[in-house]
There are 2 protein chains.
Amino acid sequence: MSAHHHHPADFDHALGVLRKSRLKITQPRQAILKILIEEHGPFTMEELHRRMKKGACDLVTVYRCLATLEDVGLVRRCEFGDGSSRYEFGGREHHHHHIVCKLCRKVETLDICLVEGLERLVRDKGYTQVTHALEFFGICARCRKLPAAA
Amino acid sequence: MSAHHHHPADFDHALGVLRKSRLKITQPRQAILKILIEEHGPFTMEELHRRMKKGACDLVTVYRCLATLEDVGLVRRCEFGDGSSRYEFGGREHHHHHIVCKLCRKVETLDICLVEGLERLVRDKGYTQVTHALEFFGICARCRKLPAAA
DNA sequence: ATATGTGCAAATTCTTTGCATTAGA
DNA sequence: TCTAATGCAAAGAATTTGCACATAT
């Protein structure tokens, strides 16, 4: 069962998490969660906002919603080395990594993860609540043909 | 031989790279490289600027120098999930990863790296010039005692 | 000598905040 | 009903750009 692709169970689970945290299940939060669950992402704030049916909510609300959703672990922030942040659904459960093209910034998902074992090493250094981020960068096949791909 | 700590060879090597790229060896570029080599970093733009003897150069110049140094691979950009970018010396040669405290943002260096093998997998997908970033996050021993560390 | 790099100022973009209003539990 | 969330406007940061001047080669 792949982590992404339409999955109503994910949505219901998310609502549960919101309820448990005593957060309100508002229109903007639902819309954002649906987009993050159904389209793969990760998306920047603007991309997310643009994808909502226009007038759905203010950009500021997207900022605030994502901050809250990140706090309760429903959303994960990705940083791909270009200075901007992108967001995708899922905390620990939907664990995976990415391959980012250094030219066109296209993002592919990589389901493999051999890094969990290393977290023990970090815990041994006295850290708690340990997580990690692993991203790969490269030039994709299509960009390789571009003149810029010196 | 650890990757950091005063190392004149690093500095000379950096100058060589600049020359090879036909970039000028200016005061600001030298100052920035020295700081990045001698103090461990990684540093944000402001931190770096503040560390230079005052009046040494403009903040804008720090921005421009780091962009250039990143282009030629002398500097690596680190993003630790808080939206800001930090910079440290070294490309592939000075390869290592970090542990970042989720509360105080303190950064520790981790010299171990078991991920290089995974890069083949990415190359097999058609990517070239493959690199990766691996960061660990957790709450450090000191922060653990803070009330915020719920 | 001359092309590159820098300083300063200003534009642009990104993100956050205050407060009146609305909507969810 | 009553608190939490949103919209709008505006403030505040962070980053980029233009152009005249300075400086490495």
Side-chain angles (χ1 to χ4, degrees), chain A residues 11-12 14-36 42-72 74-75 77-87 105, chain B residues 11-12 14-36 42-72 74-75 77-87 105:
Chain A
F11 186 71
D12 291 342
L15 298 191
V17 171
L18 288 181
R19 271 189 277 266
K20 207 171 306 171
S21 312
R22 285 156 211 295
L23 292 168
K24 293 184 179 171
I25 297 177
T26 64
Q27 295 298 332
R29 283 174 185 169
Q30 292 187 61
I32 288 170
L33 284 169
K34 277 208 179 105
I35 293 173
L36 290 180
F43 299 123
T44 63
M45 300 280 187
E46 276 83 2
E47 285 168 350
L48 214 33
H49 185 235
R50 219 175 306 126
R51 248 160 244 267
M52 303 174 72
K53 56 171 165 295
K54 70 171 189 301
C57 83
D58 199 273
L59 215 208
V60 179
T61 299
V62 179
Y63 273 88
R64 291 193 267 223
C65 285
L66 284 181
T68 332
L69 295 176
E70 191 186 4
D71 280 346
V72 297
L74 281 175
V75 153
R77 181 204 292 243
C78 310
E79 292 178 333
F80 294 148
D82 65 345
S84 62
S85 297
R86 274 157 241 272
Y87 296 83
R105 294 277 145 198
Chain B
F11 187 69
D12 292 342
L15 298 190
V17 171
L18 287 181
R19 272 188 277 267
K20 207 170 309 171
S21 313
R22 287 155 209 296
L23 292 168
K24 293 185 176 168
I25 296 177
T26 64
Q27 296 298 331
R29 283 173 185 170
Q30 292 188 62
I32 287 169
L33 284 168
K34 279 209 176 101
I35 293 174
L36 290 180
F43 299 123
T44 63
M45 299 281 187
E46 275 83 2
E47 284 167 352
L48 213 34
H49 185 235
R50 221 176 304 125
R51 247 159 247 265
M52 304 175 71
K53 57 171 163 297
K54 71 171 188 301
C57 84
D58 199 274
L59 213 210
V60 179
T61 299
V62 180
Y63 273 88
R64 290 194 266 222
C65 286
L66 285 181
T68 326
L69 296 175
E70 191 186 4
D71 279 346
V72 297
L74 282 174
V75 153
R77 182 206 290 245
C78 310
E79 293 178 333
F80 294 149
D82 66 345
S84 62
S85 297
R86 276 156 239 273
Y87 296 83
R105 294 278 143 195

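Convention: sequence-line order gives letters A, B, ...; per-chain numbering from 1. Scope of the values below: all heavy atoms of this structure, side chains included, with no hydrogens, waters or symmetry mates. This is a predicted model, so every value here is computed, not measured.
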Notebook entry, point to check: Between dT15(D) atom C1' and L48(B) atom CG, what is the distance in whole Å?
Noted result: 16 Å
Note to self: Regarding A56(B), tell me which of base, sugar-phosphate or nothing describes its non-hydrogen contacts under 4.0 Å with the strands shown.
What the structure shows: sugar-phosphate
Margin query: Set out, in order, the CA-CA distance, both residues' side-chain angles and the distance that settles side-chain contact (heavy atoms from CB on, under 4.5 Å) for L18(A) and L33(A), then state yes or no.
Written below: CA-CA 11 Å; L18(A) 288 181; L33(A) 284 169; 4.1 Å; yes
Checklist line | L66(B) and L36(B), any side-chain heavy atoms less than 4.5 Å apart | finding: yes
Next item on the list: Would you check if the side chain of H49(A) reaches a backbone N or O of A56(A) as a donor-acceptor pair within less than 3.5 Å?
Entry: no
Notebook entry, point to check: For the side chain of R29(B), counting heavy atoms from C-beta on, which of dT6(C), dT16(C), dC8(C) is nearest?
Noted result: dT6(C)
Item checked: Pairwise 5' ranking along DNA chain C for V60(B) and P28(B), keeping only the more 5' one -> P28(B)
Item checked: Whole-Å distance separating the CZ atom of R64(A) from the C1' atom of dT6(D) -> 6 Å
Notebook entry, point to check: To the nearest Å, how far apart are I25(B) CD1 and dA24(D) P?
Noted result: 11 Å
Notebook entry, point to check: Given atom CG of D82(A) and atom C1' of dT13(C), what is their separation to the nearest angstrom?
Noted result: 14 Å
Notebook entry, point to check: Just how far, in rounded Å, is P of dC14(C) from CE of M45(A)?
Noted result: 12 Å
Notebook entry, point to check: Of S84(B) and K24(B), whose nearest nucleotide on DNA chain D comes first from the 5' end?
Noted result: S84(B)
Notebook entry, point to check: In whole angstroms, how far is the P atom of dA20(C) from the CG atom of D58(A)?
Noted result: 18 Å
Checklist line | Side-chain (R86(A)) to main-chain (C78(A)) donor-acceptor, under 3.5 angstrom | finding: no
Next item on the list: Calculate the interatomic distance between L23(A) atom CG and dA25(C) atom P; express it in whole Å.
Entry: 10 Å
Notebook entry, point to check: Would you say the side chain of R19(A) and the base of dG24(C) hold a donor-acceptor pair, judged only by whether the two atoms sit under 3.5 Å apart?
Noted result: no
Check: Choosing from dG7(D), dT17(C), dA24(D), which nucleotide comes nearest the side chain of T61(A)?
Finding: dG7(D)
Checklist line | Shortest side-chain distance from Y63(B), nucleotide among dC14(C), dT6(D), dT16(D) | finding: dT16(D)
Next item on the list: Measure the distance from NE2 on H49(A) to P on dC14(C) and round it to the nearest whole Å.
Entry: 14 Å
Item checked: Over all atoms of both residues, closest heavy-atom pair of K24(A) and R29(A) -> O-NH1, 2.8 Å
Next item on the list: Examine dA23(C): is either OP1 or OP2 under 4.0 Å from a nitrogen or oxygen in the side chain of T26(A)? Give yes or no.
Entry: no
Check: Pick the nucleotide of DNA chain C nearest each of G83(B) and Q27(B); which residue has the one closer to the 5' end?
Finding: Q27(B)
